[in-house]
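Heads up, the thing below is written out as structure tokens.
Here is the naming used below: chain letters follow the sequence lines, and residue numbers restart at 1 for every chain.
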Amino acid sequence: MSDHVDDLQLLRAHAAGDPDAFDVLVRRHRDRLWAVALRTLGNEEDAADALQDALISAYRAAGRFRGDAAVTTWLHRIVVNACLDRVRRRGRPTVPLPEAGQPGEPALPRDPIEDADTSLTVREALAGLPEDQRVALVLVDVQGMPVAEVAEVLGVPTGTIKSRCARGRAKLAEQLGYLRNRATSHRVKAREEGT
Amino acid sequence: MTPYGAGAHPDVELLAQVDDGLLGDAAEEAAVRAHVAGCPACREDLAALDRARQALAGLAAPPLPAAVAARLDEALAREAASERPGKAAATVDDRESGTVRTLRPSTSRWRTPALAAAALVVVAAAGLGAARIFDSGHHSGNDTSAARPVSTPSPTAGHQLAPELSQGPGAKPQTRAQGSQSDGGSGAVHQYTRTALGQQAAALVAGRTTAGSGPVPPEVSRLTAADQLTACVAEVTHGSGAAPRAVDYGTLDGTPAAILVLPGAGDTYDVWAVGGACGPGHADMLAHAATPR
């Protein structure tokens with residue numbers, strides 16, 4: 001079972017009883033799926049649980065895969081759903097964030113030393129976003145997945161994905177104190193979701 | 001969406017949408033762009049949005065930790081085994097009581113000696129936190145460091161099971177030492193306490209303590225045999241077929257004990273400390289605790 005066998009063939013082979021096919025498929029994609037789960041859930045333990053749930057679901061559901069999406073899209077959808085299940089079961093945000101600062105002030109104190117390594121605060125800010133925005137940003141900006149594919153993963157129109165990303169980035173820029181120039185908090189307003 | 005009033009500062013979200021070329025309204029987009037072209041403040045906001053995007057793109061994706069990979073392999077192997085009942089013998093031969101206990105196929109996620117043994121195969125962990133958790137047992141009990149995740153990224157932090165399911169059912173039970181090269185079982189006996197049992201078990205499940213890495217007291221060593229352990233777990237769980245999330249050996253307040261961490265109700269783990277006589281008809285229970293997952 002080697003690399004030239006494509007994902008769909010592997011999934012079909014698994015559904016037909018090939019004992020190795022699913023393993024090959026998983027090994028091919030699990031690093032990316034892990035990254036999605038980790039960035040969506042914010043900690044390794046939840047991410048591992050979600051990924052395990054997702055892979056077991058995929059293992060069982062392979063026979064029902066209709067092939068109307070790419071296998072990777074289908075796998076991502078299962079992983080994202082497992083993550084959202086876990087978020088809802090957990091019933092609390094991954095990392096609570098402080099309220100935005102007063103108008104005219106950055107939301108978080110800016111420390112020139114911290115700027116050298118902002119990954120922690122970026123992760124925190126990401127974790128503080130509403131889950132729909134967070135998932136969209138994880139897939140589009142962190143993972144670099146095309147918007148059209150993300151729309152397929154999440155089962156919503158591309159316009160919805162774009163608007164979630166735009167709102168998420170705006171909030172993130174504010175939370176990270178990137179929007180320094182003017183009073184900003186009143187500019188990032190809750191909007192009705194587009195499309 | 002609120003229509004953009006020409007001349008006004010567009011809000012940041014609107015800027016973000018224009019920046020992405022996704023406004024879908026050419027006239028509105030042109031009006032925003034016209035404003036931005038003459039507005040340094042809005043251009044700074046655009047730069048800030050771009051910075052946010054770059055910050056996200058720069059969130060390096062860590063590779064799948066080896067311990068998690070092993071756990072996923074194990075879960076899938078278990079799933080595969082449950083699909084092939086002919087290959088996975090679902091019985092535990094109990095010579096003492098003369099009965100053969102059948103683990104329920106539909107719910108058992110851990111039903112063969114090989115799989116049972118797999119639960120004992122322990123990750124070669126960095127050993128991070130092992131000293132810490134047991135230290136905390138010696139102190140007042142107020143030390144909550146054991147409950148905190150270690151901040152140092154560890155390739156194995158997070159999960160404890162690293163089974164290699166290379167053997168079929170019926171293979172000889174593996175011993176706990178396999179896979180734990182880094183600490184090899186030669187360290188201090190893992191000392192659990194009744195007061196901190198839940199916390200210590202949580203550290204075990206989170207991989208902050210390496211399960212099975214300490215010496216096994218002879219009184220409980222028979223529970224390192226997979227079939228004995230399986231029978232003990234079946235007794236403790238009343239045959240629910242639940243698979244331990246972690247198994248460790250050491251002492252509980254000085255008494256030799258095996259520590260079994262099992263999925264509990266809701267989002268909890270059930271932690272059982274049992275003595276060396278644990279088996280069919282007699283759980284040899286020393287202590288029980290529940291701890292949040």
B:Arg293/A:Glu45 ion pair, N-O < 4.0 Å = no
Smallest heavy-atom separation, A:Leu55 atom then B:Leu72 atom, equals CD1-CD1, 4.0 Å
Between A:Glu174 and B:Val12, is a side-chain contact (heavy atoms from CB on, under 4.5 Å) present by the stated rule, with each step listed?
CA-CA 9 Å; A:Glu174 188 190 25; B:Val12 177; over 6 Å; no
Heavy atoms of B:Leu49 and A:Ala173 approach each other most closely as CD2-CB, 4.3 Å
Taking every heavy atom of B:Pro62 against every heavy atom of A:Leu38, the minimum-distance pair comes out as CG-CD2, 3.3 Å
When every non-hydrogen atom of A:Val122 is compared with those of B:Ala55, the smallest separation belongs to CG2-CB, 3.7 Å
query: So, does A:Asp141 use its side chain to make a donor-acceptor pair with the main chain of B:Ala57 at under 3.5 Å?
result: no
So CG of B:Leu56 and CZ of A:Arg169: to nearest 0.5 Å the spacing works out to 8.0 Å
Discussion item. Looking at B:Arg71 and A:Asp49, is any side-chain nitrogen of the basic one under 4.0 Å from a carboxylate oxygen of the acidic one?
Written reply: yes
All heavy atoms of B:Ala48 vs all of A:Leu179, minimum pair found to be CB-CD2, 3.5 Å
So, the part of B:Ala47 with a heavy atom under 4.5 Å from chain A: the answer is neither
Assess the residue pair B:Asp11 and A:Arg167 against the criterion (salt bridge (Lys or Arg N to Asp or Glu O under 4.0 Å)); give the C-alpha distance rounded to whole Å, side-chain angles, the decisive distance to 0.1 Å, and a yes or no.
CA-CA 11 Å; B:Asp11 70 33; A:Arg167 277 195 314 233; over 6 Å; no
